Amino acid sequence: MDNLSSRNYSEVTEFILLGFRTVPKLQILLFFLFLVIYMAIVVGNVSMVLVISMDSNLQTPMYFFLKNLSCLDLCYSTVIAPKMLVNFLSSEKKIAYNECLAQFFFFALFATTEAFLLSVMAFDRFSAICSPLLYHVNMSHKVCVQLVTGSYICGCINSAIHTSFALTLHFCGEHRLDHFFCDVSALIEISCADTFVNELVLFILSALIIISTTMVIVVSYGYILSTVLKIPSTHGRRKTFSTCGSHIAVVSIFYGTVFFIYAQPGALSSPEQSKFVAVFYTLITSMLNPLIYSLRNRDVKGAVKRIVCGKEFSQ
């Protein structure tokens, strides 16, 4: 019996990503829709990286973190979008077992890193507004590099743990994933063995990451709000707090979708709803982030003008 179980466990060498269950004609429309979204992600985030790298006025900690955020968004979406686009045009929609685990590993790596990086960016705004005299000491280039590196290390550790536990899952021949990418929740769903430990690890690590990063953001903006309210003039308060507007918008979009997944009753029993939300936080946020930082940020708009005009001028 043990030999039969072992043989059944080893049968799955590939999965079928069911994706969005629609008629073939709608699959073509979805292909072009997500192709446009992915092209917007690539153009927007690559442009943001180039603008920040080329403009001398943007060589500050805030824009160093923003450049890394754009790189993350580009990598994050590239893990998901190309395979999704191929599957829209394919009748088989297959993904190899090793490719599936690799996709999940990098997805978890970049998603976790982005969560930590957003909290680092909140701390950067806290340092700039609440301790302006010590800002360049507290947020030196060395410290910035260490904070970004630490975010990647945390992402890598979390991803490695989840992927290691995913390797222990057994599928007994079932290989249809009701998702458009290899998410660990979808793998747990089709596993034929006891998944209590996997679900517990997923819950604990996700809770720790969400709570810790959210606390950093909330506490940072609590101090920022307190400092801003002490500024006597309305214009001064508006000008100081305006530097945080783009970051608040990005954080709201990213964490809003994450909280929706964990707080929405019956989310796990509604695959189509989960897919819709997953599209939002895997692709839509990556498309919106560069738009938010370019449209709401005078420094970035000024940098674009300087690069386009081919000359440097101060605002």
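Below, all heavy atoms of this structure are taken into account, side chains as well, without hydrogens, waters or symmetry copies. Bear in mind that the values here come from a model prediction, so they are computed numbers and not experimental data.
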Of all the heavy-atom pairs spanning [X] and [Y], show the shortest one and how long it is.
X    : Y    : value
A186 : L177 : O-CD2, 3.5 Å
G19  : K275 : O-NZ, 2.5 Å
K94  : K83  : O-NZ, 2.8 Å
N138 : S131 : ND2-CB, 4.4 Å
L167 : L101 : CD2-CD1, 3.1 Å
I16  : E92  : CG2-O, 3.7 Å

[atom1] of [X] to [atom2] of [Y]: how many Å apart, nearest 0.5 Å?
X    : Y    : atom1 : atom2 : value
M48  : S294 : CE    : OG    : 5.0 Å
I217 : S252 : CD1   : OG    : 9.0 Å
T22  : L30  : OG1   : CG    : 5.0 Å
S140 : Q146 : OG    : CD    : 7.5 Å
R176 : E189 : CZ    : CD    : 12.5 Å
L74  : Y38  : CG    : OH    : 6.0 Å

Side chains of [X] and [Y] in contact at under 4.5 Å (non-hydrogen atoms):
X    : Y    : value
N158 : L109 : no
H162 : L202 : yes
I129 : C244 : yes
V279 : I80  : no

From CA spacing to verdict: side-chain contact (heavy atoms from CB on, under 4.5 Å), V120, V148: CA-CA 8 Å; V120 167; V148 171; 5.7 Å; no
Cluster overlap [X] with [Y], hydrophobic side-chain contacts below 4.5 Å:
X    : Y    : result
L35  : L33  : yes
F15  : I188 : yes
Y221 : Y135 : yes
I211 : F123 : yes
F165 : I209 : no

Applying side-chain contact (heavy atoms from CB on, under 4.5 Å), run through H247 and V250 and close with a yes or a no. CA-CA 5 Å; H247 182 255; V250 169; 5.5 Å; no
Side chain to side chain donor-acceptor pair (under 3.5 Å) between D55 and Y63: does it pass, once the steps are laid out? CA-CA 11 Å; D55 191 85; Y63 292 106; over 6 Å; no
Does the side chain of Y76 pick up a donor-acceptor pair with the side chain of T113 at under 3.5 Å? no
Could you check F105 against C156 for side-chain contact (heavy atoms from CB on, under 4.5 Å), going step by step and ending with a plain yes or no? CA-CA 8 Å; F105 174 84; C156 191; 4.3 Å; yes
Does the plane of the ring in F20 sit parallel, tilted or perpendicular to the ring in F34? Use 30° and 60° as the thresholds. parallel
Is the ring pair F110/F106 parallel, tilted or perpendicular, if the boundaries are 30 and 60 degrees? parallel
Apply side-chain contact (heavy atoms from CB on, under 4.5 Å) to residues L17 and F180 and explain how you reach the verdict. CA-CA 6 Å; L17 296 171; F180 58 85; 6.0 Å; no
In terms of heavy-atom contacts, does OH of Y97 have more than 12 from other residues, nucleotides or ligands at under 6.0 Å? yes
